[in-house]
Amino acid sequence: MDLIIFTVLFCLHDVIVNCNPGPLVDVVVDRYEIPKVCPREVQTEDFIRYHFNGTFYADGKKFDSSHDRGKAFISQVGLGRLITGMDRGLQGMCVNEQRRITIPPHLAYGSIGTGGVVPPDAVLVYDVLLLDIWNAEDKVQIRTLGKPASCHRTTVASDFLRYRYNGTLLSGAAFDSSYSRNGTYDTYLGQGDLIKGMDEGLLGMCVGERRLVIIPPFLAYGETGHGTQVPPQATLVFEVLLVDVFNPKDDLIVELKEVPEGCTRRTLTGDYIRYHYNGSFQDGTAFDSSYERNSTYNTYIGKGYVIRGMDKALHGLCMGEKRRITIPPHMAYGEGGVGDLIPASAVLVFDIHVIDFHNPEDPVDIKVTHKPRDCKATSEADDLIQYRYNCSLMDGTLLYSSDQFDTPSITTLGADKVIPGLERGLGGMCVGERREVVVPPHWGHGEDGAGEVPRSAVLFFELELVELKKGVPEGYMFVWLGDGPDLLFPAMDLNGDKEVPLEEFSAFIVLQVEEGKGRLRPGVDADGIIKDMFNNQDRNKDGKIVEGELDDEPEQARRDEL
């Protein structure tokens, strides 16, 4: 076995070193660098662009080089535009493949040579790197790399697009990228503002779709190329991501996401609205959010305080409604955008949630949810009342509740101890009655809010009247329910001794209250009130009231007290 191997090696050495083989009969191709992926091979009539070094087989001397000229060579294969050996040697080649093509004289420049550069009967060696390949019959190639799950519309001619891209030659050499500029390429489609192949390659795309668009030279920059980056007759490869699309004829697009039941009123021009929103571009990139600021956006509707598209979209909404609003740039920030926040010609998408709205003319809205059959008295000014309540925003967020204090709240109606809207909602109630009361901000805490109450918030109260004590007017301690005694002092002088000490005065007042003839101020210590009343009548401070003292009191004072 060893003898056989030695003999073979010896013979190979003899052929390579010592033998003088005869002339080459055909082209010899050495494919010393082959790409892993080869979607297309050179065929007859294809156009190619390639670099080469040409050397003589005999001594390795270089006679020509496209590298030295700094310009790739362009030609068509198989139609006699190249020497026969090259026409044959380039067949089946892939882009980025490197070959060494050895050509005998009769398939090169023969026995004559050429131009004093190639001598007669010269064997030529070409080291070739294929850069590009195309055919006159080629069309734009489109390969979808990724597509969104939903697509509401696809691009058509006359649309305005914003897209990102990486641009390479067919060999993979990069020539341009929007990513390197940290921006999008913005243009009209089908209006001649793009190379023909790109106008075609961008048709029918969805926002968020990613494509590979391969454009032959005659649909790109052709024979002239473009600047220093795109050589003549170059096939271009664009990896494109569509970010945005709109048409100058577009109107708002409104998608209802959630509409609450029982919507009795919708927004109108002049209403003041509070809403939360998430703002994004069509590709889903967020640019702003009221939720991140933990504060609603508050504005009047139809008065030009927001972009035109939003002003229009805010009409006809219910409290609690959720909508997605797509606004084309001519109804948003147009070609100027907003600084670094909103790009030029950007379509904006808002997901909004209406928290509440009101009109400056709105009254307090009162809805009775339960009323007892037996209703002998209703609450009014000066009454002392106890009530239970829940106070919420219109989205259901609970702000305050009497349950927090384990006891009903107490107030005197008309004493300005609660907001005007709640005061109004508590008026005219029976004990045991329940109400739902909607208080607009001008009846509540206004534009400034208070505590947990946001600015300009509409408030929702659930009320139940627990106890009612009829009151007396502000500044009074006791009032007669009807006409008092014609002769007041004899009525007060229970024992008829012509003088009324504190004990007798107190007994008289208590008797009037018990018999329903008079009323003390509720919520205040009765003994203290009676003592104050007595002191007011005891002018000489001798511990008793006599008829003269009572008669000396001005009529208004006597009426106020007694």
Side-chain angles (χ1 to χ4, degrees), residues 27-53 66-67 71-78 82 86-102 125-148 163-180 185 195-198 200-206 208-222 225-226 229-242:
V27 172
V28 176
V29 175
D30 176 14
R31 304 178 70 184
Y32 60 87
E33 189 69 40
I34 303 174
K36 292 181 180 180
V37 179
C38 181
R40 179 174 181 176
E41 297 179 348
V42 175
Q43 297 179 9
T44 298
E45 297 189 6
D46 281 344
F47 289 87
I48 60 172
R49 186 166 55 85
Y50 61 94
H51 270 303
F52 71 89
N53 284 319
S66 64
H67 295 281
K71 185 178 181 181
F73 191 78
I74 301 170
S75 187
Q76 194 172 16
V77 177
L82 297 167
M86 276 300 261
D87 261 345
R88 293 182 185 179
L90 293 169
Q91 293 283 341
M93 199 169 183
C94 305
V95 170
N96 286 329
E97 180 179 339
Q98 295 185 58
R99 285 185 176 184
R100 181 170 290 113
I101 304 172
T102 304
V125 179
Y126 287 90
D127 282 286
V128 178
L129 169 62
L130 187 63
L131 301 174
D132 207 341
I133 176 175
W134 75 96
N135 192 287
E137 302 300 320
D138 283 352
K139 301 182 184 302
V140 173
Q141 298 179 55
I142 298 173
R143 301 174 190 169
T144 301
L145 303 178
K147 205 166 187 176
Y163 61 92
R164 298 184 187 276
Y165 70 89
N166 286 317
T168 63
L169 305 179
L170 201 59
S171 63
F175 66 85
D176 194 13
S177 173
S178 66
Y179 293 94
S180 65
Y185 192 84
I195 56 176
K196 290 181 179 180
M198 193 60 115
E200 182 180 336
L202 294 174
L203 285 170
M205 284 191 82
C206 304
E209 181 175 344
R210 193 180 295 273
R211 279 184 179 181
L212 200 66
V213 181
I214 303 174
I215 304 174
F218 53 87
L219 295 176
Y221 294 105
H226 185 72
Q229 300 299 312
V230 180
Q233 301 290 37
T235 300
L236 304 184
V237 181
F238 290 93
E239 184 182 337
V240 179
L241 171 63
L242 187 61

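- Nearest heavy atom pair, residue Tyr50 against residue Leu82, reads OH-CD2, 3.8 Å.
- Residue Ile101 forms a side-chain contact (heavy atoms from CB on, under 4.5 Å) with just one option from Val125, Asp127, Leu90, and that option is Leu90.
- Atom CZ of residue Phe218 and atom CD1 of residue Ile195 lie 12.0 Å apart, to the nearest 0.5 angstrom.
- Residues passing the side-chain contact (heavy atoms from CB on, under 4.5 Å) test with Ala173, sequence neighbours excluded: Leu169, Ser171.
- Atom-to-atom distance recorded for Arg210:CZ and Leu242:CG is 11.0 Å, nearest 0.5 angstrom.
- Residues meeting the side-chain contact (heavy atoms from CB on, under 4.5 Å) test with Gln233, sequence neighbours left out: Ile74, Trp134, Pro217, Glu223.
- Leu212 meets the side-chain contact (heavy atoms from CB on, under 4.5 Å) test with Arg143, Leu145, Val237, Glu239; sequence neighbours excluded.
- We find the OH-OH distance between Tyr185 and Tyr163 to be 5.5 Å, quoted to the nearest 0.5 Å.
- Take Asp87 and apply the salt bridge (Lys or Arg N to Asp or Glu O under 4.0 Å) test, not counting sequence neighbours, and it matches no residue.
- Closest non-hydrogen pair, Cys206 versus Lys147, comes out as SG-CE, 3.7 Å.
- The closest donor-acceptor contact from the side chain of Arg99 to the backbone of Gly89 lies under 3.5 Å.
- Remark: Glu33 pairs with no residue by the side-chain hydrogen bond (donor to acceptor under 3.5 Å, both in side chains) rule, at least two apart or across chains.
- Every side-chain hydrogen bond (donor to acceptor under 3.5 Å, both in side chains) that Asp176 has, sequence neighbours left out, goes to Tyr165, Arg181.
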Verdict with supporting geometry, Ile214 and Thr235, side-chain contact (heavy atoms from CB on, under 4.5 Å):
CA-CA 7 Å; Ile214 303 174; Thr235 300; 3.8 Å; yes

May I have the step-by-step check of side-chain contact (heavy atoms from CB on, under 4.5 Å) for Ile142 and Glu200, ending in yes or no?
CA-CA 9 Å; Ile142 298 173; Glu200 182 180 336; 5.6 Å; no

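- Remark: Pro39 pairs with Val37 by the side-chain contact (heavy atoms from CB on, under 4.5 Å) rule, at least two apart or across chains.
- Scanning both residues, Glu97 and Arg31, for their nearest heavy atoms gives OE2-NE, 2.7 Å.
- Annotation: side-chain hydrogen bond (donor to acceptor under 3.5 Å, both in side chains) contacts of Gln91 (sequence neighbours excluded): Thr44.
- Ile48 contributes atom CD1, which lies 5.5 Å from atom CG of Leu130 (distance to the nearest 0.5 angstrom).
- Taking Tyr221 as the reference, His226 meet the ring pair (Phe, Tyr, Trp, His ring centres under 6.0 Å) condition, with sequence neighbours excluded.
- Residue pairs satisfying the salt bridge (Lys or Arg N to Asp or Glu O under 4.0 Å) criterion with at least one member in residues 40-53, sequence neighbours excluded, are listed as follows: Arg40-Asp46, Arg40-Asp138, Arg49-Asp132.
- The minimum heavy-atom distance between Val230 and Phe175, with the atom names listed, is CG2-CD1, 3.6 Å.
- Residues passing the side-chain hydrogen bond (donor to acceptor under 3.5 Å, both in side chains) test with Arg164, sequence neighbours excluded: none.
- Contact detail for Pro35 and Val95: the closest heavy-atom pair is CG-O, 3.4 Å.
- Taking Tyr126 as the reference, Phe52, Phe63 meet the ring pair (Phe, Tyr, Trp, His ring centres under 6.0 Å) condition, with sequence neighbours excluded.
- The nearest pair of heavy atoms linking Ala72 to Leu131 is CB-CD1, 3.8 Å.
- Atom CD1 of Ile133 sits about 8.0 Å away from atom SG of Cys38, to the nearest 0.5 Å.
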